[in-house]
Amino acid sequence: MNMASNLAEAASSLPANFLVAATLLLGLSSVYLVIFWQSWPRIFGVSLLAMASISFTITATLGKDVIDPCLEKAASEFGVPAKVLNAMRLADSPPHNEALAARLFGPMGLGEPALLAAQKGANIDPDEAKIDTCQNFRAAAWFLSDARRRAGGDLWQGVGLYYAGDTSTKRRKDLSDLYIARIQKAAGEN
């Protein structure tokens, strides 16, 4: 996900008074610049800097606590904790490997196998889940729910299966364990 979509997600769940305060701050800084600097190129540059700063602040400080309403609804629909699903979204976003990122879709970074499994198991259209945030959350929530079922009902083992798939080899089991620890920490479950 890019910074603009992160900002949009965070802003959609922020209290209106915070958004008003941020807008007023930008407006007042622009007025200050007009009065004292009287230079439009500087105003434009400083305004961009202020917007980037606010965007970074919102994303960095509130991003992990802000849970998208679609994510909450999907988690509820498939009986998985929204806090854990959100931690998984944050831990995997954005993908660090560009080649991998080109094969992953939506805010949950789902690949074709997960999307096809969600289509078969929950009748979720893979093409829609690639471009629609809410459908992407639904596919991920179903996939986590199915992984938990395959793990005998254990949520954390399900999280590991969600990430690593088959954990029968030592390498995959180690990947699963590392991912579980990372998600537990991100979800505040440690």
Interatomic distance, Gln135 atom CD to Ile124 atom CD1 [nearest 0.5 angstrom]: 6.0 Å
Separation of Leu175 CG from Ile180 CD1 (nearest 0.5 Å): 11.0 Å
Going by heavy atoms in the side chains, are [X] and [Y] under 4.5 Å from each other?
{"X": "Leu115", "Y": "Lys130", "answer": "yes"}
{"X": "Tyr179", "Y": "Met88", "answer": "yes"}
{"X": "Met108", "Y": "Leu85", "answer": "yes"}

Check ion pair Asp174-Arg171 (N to O, under 4.0 angstrom): no
Between [X] and [Y], which heavy-atom pair has the shortest distance, and what is it?
{"X": "Ser176", "Y": "Gly160", "answer": "OG-CA, 3.0 Å"}
{"X": "Ala147", "Y": "Gly158", "answer": "CB-O, 3.2 Å"}
{"X": "Ile183", "Y": "Ala91", "answer": "CD1-CB, 3.5 Å"}
{"X": "Asp166", "Y": "Ser168", "answer": "OD2-OG, 2.8 Å"}
{"X": "Arg148", "Y": "Pro81", "answer": "NH1-CD, 4.3 Å"}
{"X": "Leu110", "Y": "Ala140", "answer": "CD1-N, 3.7 Å"}

Arg89 side chain vs Leu71 backbone, donor-acceptor pair below 3.5 Å: no
Check: Phe105 main-chain N/O paired with Asn136 side-chain donor or acceptor under 3.5 Å: yes
Result of checking Phe137, Phe78, Tyr162 against Phe143 for ring-ring contact (aromatic ring centres under 6.0 Å, His included): Tyr162
Single-linkage hydrophobic cluster Leu155~Leu161, side-chain heavy atoms < 4.5 angstrom: no
